[in-house]
Amino acid sequence: MTRNVVISGGGTGIGLAAARTFAADGDRVLLLGRRADVLERAAVPGALTYAADLADPADVRGVAGFVGREFGAVDVLIHSAGGNGLLEPPAGGDDPLDAVARHWTVNFRLNVLTAVLLTEALRHRLAEPGGRVLFLSSIAAYRGSGQVAYAAAKAGLHPYAHDLARRLGPHGITVNVVAPGYVEDTAFFGADGVDEEHRARLAAETSTGRVGTPGDVAATLHWLASPGAAHITSQIIQVNGGAERGH
């Protein structure tokens with residue numbers, strides 16, 4: 001049965017890998033992102049694209065209207081949009097507190113507000129029963145390491161997902177979070193990625209002896225959206241090769 005799948009951040013990295021996985025399964029996919037050129041280059045067979053800033057309520061209303069016209073119901077909603085602010089313009093001026101405020105605000109907008117606004121805008125379109133909502137968190141939400149504002153923002157998705165699961169559960173809709181560890185081939189660390197020494201350290205932290213790929217995460221998202229995962233909700237699934245163990 002063909003499903004309607006909406007993926008934010010669908011033009012690169014994990015979002016793109018998920019889009020290709022669902023499209024290969026015969027599902028109709030809508031890719032969302034801020035950069036129209038990136039979405040167009042994604043080249044997912046049969047996918048629709050819509051460029052929008054998902055932290056802007058007006059843009060999200062536009063997305064909701066487009067989804068209503070093109071899809072009607074949404075079977076799977078995946079929130080892959082996010083990041084640590086590397087693509088954002090730097091704060092103006094030299095005041096360090098202004099820089100801190102800018103950094104934390106940007107991370108909240110990119111990782112929390114985008115997910116919350118899109119969910120609330122599309123919530124009434126989620127398939128009942130059988131709808132799936134999937135959020136992308138991070139190993140950083142457990143460790144508080146690296147970019148702390150990013151880690152805090154990702155952790156902020158957890159209580160929202162748990163509350164949403166309680167509200168949507170009676171309608172046959174599940175809500176889960178996937179928290180990856182280090183994943184290669186994404187834009188998170190910028191165009192140059194991490195150096196080989198850092199990569200080796202990250203791989204050594206795992207029990208599997210390797211770093212993650214977008215496909216690893218996409219496969220987990222695809223499973224959580226499957227009928228086989230119908231009784232799994234309000235969970236945080238870690239995909240990190242054992243770098244961070246169960247909580």
Side-chain angles (χ1 to χ4, degrees), residues 1-83 87 109-111 113-136 157 164 168 171 173-176 178 183 185-188 213-215 217-227 229:
M1 175 178 156
T2 300
R3 296 176 297 178
N4 296 324
V5 182
V6 177
I7 304 177
S8 74
T12 62
I14 292 170
L16 178 56
R20 289 172 173 163
T21 299
F22 280 91
D25 207 27
D27 294 323
R28 299 179 67 208
V29 177
L30 169 61
L31 307 179
L32 304 175
R34 285 186 295 173
R35 296 169 290 170
D37 59 325
V38 171
L39 295 175
E40 290 166 5
R41 289 198 302 269
V44 177
L48 299 173
T49 64
Y50 190 98
D53 179 354
L54 299 178
D56 183 328
D59 276 18
V60 175
R61 280 190 286 270
V63 171
F66 184 81
V67 169
R69 293 189 299 272
E70 297 292 334
F71 279 2
V74 175
D75 297 288
V76 183
L77 175 59
I78 298 175
H79 296 284
S80 187
L87 299 177
R109 284 175 58 85
L110 289 176
N111 297 288
L113 195 58
T114 55
V116 172
L117 288 179
L118 184 61
T119 301
E120 297 301 323
L122 298 182
R123 191 175 64 174
H124 69 289
R125 294 200 174 277
L126 293 169
E128 299 183 21
R132 302 283 191 267
V133 182
L134 298 167
F135 296 95
L136 266 296
L157 290 172
L164 197 65
L168 298 184
H171 301 278
I173 299 167
T174 66
V175 181
N176 289 291
V178 175
V183 174
D185 299 324
T186 73
F188 183 82
T213 68
V217 185
T220 303
L221 294 167
H222 190 255
W223 170 68
L224 286 170
S226 73

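FYI, side chains are in, hydrogens and waters are out, and symmetry mates aren't considered; it's all heavy atoms of this structure. What you see is a predicted model; the values in this text were computed from it and never measured.
- Here the CG-OG distance, from Leu136 to Ser8, works out to 8.0 Å after rounding to the nearest 0.5 Å.
- Sorted by first and then second residue, the side-chain hydrogen bond (donor to acceptor under 3.5 Å, both in side chains) pairs involving residues 51-63 (not counting sequence neighbours) form an empty list.
- Between Val63 and Ala52, the shortest heavy-atom distance links the atoms CG2-CB, 3.7 Å.
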Next item on the list: Mind running side chain to side chain contact (heavy atoms under 4.5 Å, CB included) on Leu221 and Ile14 for me, showing each step along the way?
Entry: CA-CA 10 Å; Leu221 294 167; Ile14 292 170; 4.3 Å; yes

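- For Thr220, there are no side chain to side chain donor-acceptor pair (under 3.5 Å) partners at least two apart in sequence or on another chain.
- Of the possible donor and acceptor atoms, none in the side chain of Thr49 sits under 3.5 Å from a partner among the backbone N and O of Glu40.
- Using a 4.5 Å cut-off on side-chain heavy atoms (C-beta onward), Val44 and Leu16 make contact.
- Nearest heavy-atom pair across Thr114 and Ala81 is OG1-O, 4.4 Å.
- In this structure, Ala42 and Gly10 approach most closely via the heavy-atom pair CB-O, 4.5 Å.
- Here the closest heavy-atom approach between residue Ala23 and residue Pro45 is recorded as CB-O, 4.1 Å.
- Remark: Phe71 pairs with no residue by the ring-ring contact (aromatic ring centres under 6.0 Å, His included) rule, at least two apart or across chains.
- Distance check, rounded to the nearest 0.5 Å: CG of Leu77 to CG of Asn4 gives 12.0 Å.
- Residues passing the side chain to side chain donor-acceptor pair (under 3.5 Å) test with Thr213 are Asp216, sequence neighbours excluded.
- The closest side-chain heavy-atom distance from Val76 to Ile7 is not below 4.5 Å.
- Residues in residues 66-83 take part in these side-chain hydrogen bond (donor to acceptor under 3.5 Å, both in side chains) pairs, two or more places apart or across chains: His79-Thr119.
- For Arg123, the side-chain contact (heavy atoms from CB on, under 4.5 Å) test picks out Glu120, Leu126, Leu164, Arg167, Leu168, with sequence neighbours left out.
- Listed by first and then second residue, the ring-ring contact (aromatic ring centres under 6.0 Å, His included) pairs involving residues 35-68 are Tyr50-Phe66 (not counting sequence neighbours).
- When the side-chain contact (heavy atoms from CB on, under 4.5 Å) test is applied to Ala73, no partner is found at least two apart in sequence or on another chain.
- The two residues Val60 and Ala121 have their closest heavy-atom pair at CG1-CB, 3.5 Å.
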Tabulate below the donor-acceptor pairs under 3.5 Å that side-chain atoms of residues 128-135 make, not counting sequence neighbours, or state none.
residue	atom	partner	partner atom	Å
Glu128	OE1	His171	ND1	3.2
Arg132	NE	Leu224	O	3.2
Arg132	NH1	Gly130	O	3.2
Arg132	NH2	Ser226	O	3.2

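- Annotation: the span from Leu48 atom CG to Leu32 atom CG amounts to 10.0 Å, rounded to 0.5 Å.
- Contacts of Asp27 classified as side-chain contact (heavy atoms from CB on, under 4.5 Å), with partners at least two apart in sequence or in another chain: Arg3, Val5, Phe22, Asp25.
- Among Arg35, Arg41, Arg34, the one residue that satisfies the salt bridge (Lys or Arg N to Asp or Glu O under 4.0 Å) test with Asp37 is Arg41.
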